[in-house]
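No hydrogens, no waters, no symmetry mates; every other heavy atom, side chains included, goes into these values. As the structure is a computational prediction, the values presented were derived from the model and not from experiment. All ligand and atom numbering here is 1-based and tracks the order in the structure.
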Amino acid sequence: MSTLKSDFLWGGAVAANQCEGAYDEDGKGLSTADLLTTGGRGIAREYTNGIEVGKYYPSHTAVDFYHRYKDDIALFAEMGFKCFRTSINWTRIFPNGDDEQPNEKGLQFYDHLFDELLKYHIEPVVTISHYETPYHLVTRYGSWKSRRLIDFYQKYCEAIFQRYREKVRYWMTFNEINVLLLNAVMPCGIRIKAGEDYEKVIYQAAHHQLTASARAAKLGRAINPDFKIGMMMLYPTFYAETCNPADQLAALQAMDSHYYFSDVQVRGEYSTKALVMLARKGIALETEPSDFDDLKNGTVDFIGFSYYNSNVATSRKEAAFTGGNMLNSVKNPFLPESAWGWSIDPTGLRIALNNLYDRYRVPLFVVENGLGAEDIITPDGQIHDDYRIDYLRRHIQAVKQAVGEDGVDVIGYTPWGCIDLISAGTGEMKKRYGFIYVDRDDKGNGTLKRCRKDSFEWYKKCIASNGEEI
Ligand code: BGP
């Protein structure tokens, strides 16, 4: 008997813009991701207005998954994947975002991709929007600042729900929807103009995304009642720096800003706390009466979330901050850190699972988790990534404890970047997460050849034993 259910969804996760490449092939339009150049450790990625000659844009070729997906899926199948999470690149389907008709070639690509997965009985798990907003929607409408985006997104959802009705069951509406509060530029290209009230713009855009997500959930279930439509958030697990009540309150408030989104998507309405917060800030959301019915009728079936590291909140004003996924935190003296300064904390994942399940009582799906690390190839062409195995082993252990000891309902686990890909935060290639190594460097050199790391065999055993042999 294993701790995890026999139909537990083991797999891996990627996003289209970080692995596909082929950024302008077969009618694809430009997305915000296609305009991000490389950054580096601690350097924000530069976002250009249109493609500039002489600049390097890592997403343009990425790891060429667009042309190599068959071989890559064969490797996923060899590991025994039960599911594979990827996103649909919105601009393959609607190149500008506001086009009348979808692009048939783009639709065909995902037909072939899903067919290939299904051939191996690998269930596709699809993120509808993963930091890939059509650039035209940014320049023409100001991206999600505009209410118009709700309709464009709806049309996009309708096209893909109809087309893949029989192929895809698991959907997530927006990747890490709560990241909008932390970084509006990288995820959806929102630029705040001089004179605009930053918070007002962001909360208004969030309302548009929440309404769009709810409408999509309702529409999807009308198209196929078997669809499982989820939300997706970055789960930041905040600890208080000390037992000083002021620090405890700081941790509570840090979490509140993230629950702002999940409360709406799971419960179908803004929490009282959220409404009071908006009123206190003097933010009056522009809404239509039907939005509130939409939110009520468009709640999600499950919560997908990413978890990489935990964070520490403090009431001190002059604290020094360290890195982490998208947000900064006070350094936690009890935890080791990755080479990129992200804390390594499997217990934080168990806490995340407990907190989310206690609060919402809906199935949970760990759709991103992993260690970004530089891999060294030995002279005989091997990659001994025991540090990655150690990270994943301890996090899977935490999932099992949450299930077996705490009674949490977890439906699957898809480690991030199961094949090496472009880092979202820095644009680097050398920040690797994969079980499969890709020969490509930060400047775009390399053969793109794939090879199995030690973690490949380890994960294969893990899946075959349903998480018992780790
Ligand atoms: C998440 C994103 C992913 C991914 C991951 C790792 O926030 O959803 O797209 O890239 O973080 O972050 P990074 O690529 O910066 O290491």
Given that the side chain starts at C-beta and the backbone is N, CA, C, O, which of these parts of [X] lies under 4.0 Å from ligand 1, counting heavy atoms, or is it both or neither?
X: Tyr307; answer: neither
X: Leu234; answer: neither
X: Tyr433; answer: side chain

Taking the six-membered ring for Trp and the full ring for Phe, Tyr or His, determine whether the centres of [X] and [Y] are under 6.0 Å apart.
X: Phe174; Y: Tyr153; answer: yes
X: Phe94; Y: Phe152; answer: no
X: Phe109; Y: Tyr69; answer: yes
X: Tyr23; Y: Tyr57; answer: no

Just distances here: any N/O of [X] and N/O of ligand 1 closer than 3.5 Å?
X: Thr426; value: no
X: Ser306; value: no
X: Ala424; value: yes

Candidates Leu364, Asp358, Val399 - the one meeting side-chain contact (heavy atoms from CB on, under 4.5 Å) with Val408: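 With Val408 as partner, Leu364, Asp358, Val399 yield a single side-chain contact (heavy atoms from CB on, under 4.5 Å), made by Leu364.
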Ionic contact status for Asp442 with Lys430, cut-off 4.0 Å: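 A salt bridge links Lys430 with Asp442.
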Heavy-atom contact under 4.0 Å between Trp340 and ligand 1?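 Flag not set, Trp340 not near ligand 1.
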Taking only heavy atoms of Asn175 into account, list the atoms of ligand 1 that are under 4.0 Å away from them.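 Close to Asn175: 8 (O).
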By number and element, which atoms of ligand 1 are closer than 4.0 Å to a non-hydrogen atom of Gly425?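 Ligand 1 atoms under the 4.0 Å threshold to Gly425: 13 (P), 14 (O), 15 (O).
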